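Reading through the C-alpha cells given below for one structure.
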Amino acid sequence: MAQERKEKVSTLEKGDIYFFYRPKVEEESPESREDVQRLYMVLHPEKEKKYRLSIIGRKRMPDPAVSGKERYWGFVQVVRKDPKAIRDELREEKYRTKTRGEREIPAARPLGEGIYRIARHGNHTHLLYSLELPKEPGEPQEEFQIEEEASYIMSIKNPEKPTPPSAGLGEARQAEYPKKLQEVFRDRRFADVDPPEFMDHEGTQFVLVAALEDIKEDMGIDLETENESRASADVFKDLKLDRSKHPTKPLFEGEWE
C-alpha cells in the first residue's frame, strides 16, 4: 500500500455523477433491493454535452469495505448529447399485455448526486466519486452500497473476447469500437478506462472492483464537493427531470419512496 501511494495519479476525466433506482412493475412503494428492477449510474463529463447512462449488475455497487473481493459488471446503455434522452430512459413506462391489460413500470428515483473522476493510478484506472446528496445517506443508499465516497478499479471488457457465462451482454449488444480503441486491448480480455472515450459507446461493458476506502489518504485526491440543496440539486436541472414524476425522498432524505 505504501508503494501504491507513491505512484502518480492523473485525472483522465471528471464531472457529475448521479444514481437512480427503478422499482419493479407495479411496485409503487419499494422497501428493499428485492423490489427494484434496475440500478442506474449517469456520468456527465465536465464542460461536455455528453450524458452516459449505465446499468449496474447485481443492482448494487461493490462494497469498499471488502477491497478487491467484489467484482461487479455494468454496461453503458445510452450515450447522448441531449439530456432529454436520459430523462426518457428514466421516466415511467406503460405497456399492455393480453392477460393483465395495461401495466406500468414506475419512474426511476434519484438516489445520489455527486462528483466523479476517472483517474489513472499506476498500472490501472479508478472510478472515484463523492456524494453531495443526500446529506445523510440512509437505508436506500446502504441497500445499494452507495457510499458517501468510494473508489473502484475500473476495466473495460474486450468485445472480441468471450464473456463469462451468466455475465455481461450477448454478442449482438456489445460495443463495436473504432480501430484506435480496439487496439488499446492488444488482444487482452480487459483494458483500462484510458482513454475514457470507451464509455462513449453503447454496449461498452465494464467491471468495477472495490478498491481503496480513503481516497484522499491513499491516492492524494481531494474530491471537492459543493453544498447542494433541494433548490440547487443538479440532477433535476442537468437532466431536465420533472420533480413531480420522480420521487425525491431517497435523494433528499435518504428514505425509500
Side-chain angles (χ1 to χ4, degrees), residues 12-25 36-61 72-95 104-118 125 127 129 144 146 152 154-159 163 167-178 181-182 191 193-208 233-243 245-248 250-251:
L12 304 175
E13 180 180 284
K14 60 182 179 179
D16 296 312
I17 187 170
Y18 310 112
F19 294 99
F20 295 83
Y21 67 87
R22 185 192 291 280
K24 291 182 177 178
V25 177
V36 170
Q37 184 182 78
R38 285 178 174 171
L39 173 64
Y40 298 99
M41 177 179 74
V42 177
L43 300 181
H44 176 201
E46 185 178 69
K47 298 179 181 180
E48 291 191 47
K49 288 187 176 181
K50 184 190 302 178
Y51 299 83
R52 312 179 183 115
L53 182 144
S54 297
I55 294 176
I56 305 298
R58 302 194 196 181
K59 297 181 290 188
R60 65 179 179 182
M61 300 293 281
Y72 288 5
W73 286 78
F75 68 93
V76 178
Q77 183 182 36
V78 175
V79 181
R80 294 288 190 278
K81 292 182 179 180
D82 189 343
K84 292 181 181 179
I86 305 301
R87 180 192 66 190
D88 290 344
E89 289 290 326
L90 299 174
R91 68 185 180 184
E92 65 181 25
E93 299 177 15
K94 294 182 179 180
Y95 64 97
E104 179 179 305
I105 303 175
R109 281 76 161 132
L111 175 67
E113 171 183 317
I115 59 173
Y116 79 93
R117 289 194 193 187
I118 295 175
T125 47
L127 171 67
Y129 75 82
F144 296 106
I146 306 296
Y152 312 98
M154 188 176 191
S155 303
I156 303 295
K157 180 194 172 291
N158 185 346
T163 299
L169 298 175
E171 184 176 342
R173 298 177 63 194
Q174 294 188 50
E176 294 184 11
Y177 299 121
L181 286 182
Q182 187 62 44
V193 197
D194 187 1
E197 282 75 17
F198 276 114
M199 298 294 287
D200 294 339
H201 295 266
E202 294 177 3
T204 285
Q205 297 181 88
F206 55 85
V207 175
L208 299 173
D234 288 328
V235 66
F236 295 103
K237 296 184 295 182
D238 195 11
L239 301 182
K240 314 299 182 188
L241 297 180
D242 186 338
R243 292 175 187 244
K245 296 180 180 179
H246 297 270
T248 61
L251 181 68

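Note that this is a predicted model, so its numbers are computed, not measured.
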In Å and rounded to the nearest 0.5 Å, what is the [atom1] to [atom2] distance from [X] to [Y]?
| X | Y | atom1 | atom2 | result |
| --- | --- | --- | --- | --- |
| Ile86 | Leu239 | CD1 | CG | 7.0 Å |
| Leu127 | Ser155 | CG | OG | 11.5 Å |
| Phe206 | Ile56 | CZ | CD1 | 4.0 Å |
| Arg58 | Leu208 | CZ | CG | 11.0 Å |
| Arg60 | Leu39 | CZ | CG | 11.0 Å |
| Phe75 | Arg173 | CZ | CZ | 4.5 Å |

Does [X] have any side-chain contact (heavy atoms from CB on, under 4.5 Å) partners at least two apart in sequence or in another chain, and if so, which?
| X | value |
| --- | --- |
| Lys94 | Glu92, Glu102, Glu104 |
| Thr125 | Leu12, Arg120, Asp192, Val193, Asp194 |
| Pro106 | Pro23, Glu28, Arg109 |

Heavy-atom pair of closest approach, residues [X] and [Y]:
| X | Y | result |
| --- | --- | --- |
| Lys245 | Pro247 | O-CD, 3.7 Å |
| Met199 | Ser54 | CE-OG, 4.2 Å |
| Lys59 | Val36 | NZ-O, 2.8 Å |
| Pro45 | Lys50 | CD-O, 3.2 Å |
| Ala175 | His201 | CB-CB, 4.2 Å |
| Val25 | Gln37 | CG2-NE2, 4.4 Å |

* Asked: Tell me the salt bridge (charged side-chain N to carboxylate O under 4.0 Å, His left out) pairs involving residues 72-86, sequence neighbours left out?
  ->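 Listed once each, the pairs are Arg80-Glu202.
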
Below 4.5 Å, heavy atoms only, C-beta onward: do [X] and [Y] meet side chain to side chain?
| X | Y | value |
| --- | --- | --- |
| Pro195 | Leu181 | yes |
| Val76 | Phe198 | no |
| Leu111 | Tyr40 | no |
| Leu43 | Tyr129 | no |

* Might you work through the side chain to side chain contact (heavy atoms under 4.5 Å, CB included) test for Leu53 and Phe20, ending with a clear yes or no? => CA-CA 10 Å; Leu53 182 144; Phe20 295 83; over 6 Å; no

* **Met61/Tyr72 under side chain to side chain contact (heavy atoms under 4.5 Å, CB included): CA gap, chis, key distance, verdict** => CA-CA 7 Å; Met61 300 293 281; Tyr72 288 5; 5.6 Å; no

* To do: Run the salt-bridge test on Arg38 and Glu89 with the 4.0 Å N-O cut-off and return the result as yes or no.
  => no

* Residue pair Val207, Lys157: steps toward the side chain to side chain contact (heavy atoms under 4.5 Å, CB included) verdict -> CA-CA 7 Å; Val207 175; Lys157 180 194 172 291; 5.7 Å; no

* Evaluate whether atom NZ of Lys24 has more than 12 neighbouring non-hydrogen atoms of other residues, nucleotides or ligands under 6.0 angstrom away. =>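 More than 12 heavy atoms, drawn from other residues, nucleotides or ligands, come within 6.0 Å of this atom.
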
* Can you name the residues that form a ring pair (Phe, Tyr, Trp, His ring centres under 6.0 Å) with Tyr51, not counting sequence neighbours? -> His44

* Does anything in residues 12-21 pair up under side chain to side chain donor-acceptor pair (under 3.5 Å), and if so which pairs, sequence neighbours excluded? -> Glu13-Arg52, Glu13-Tyr116, Tyr18-Asp238

* Is there a donor-acceptor pair under 3.5 Å between the side chain of Glu113 and the backbone N or O of Asp234? ->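 Looks like yes, one N/O pair under 3.5 Å.
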
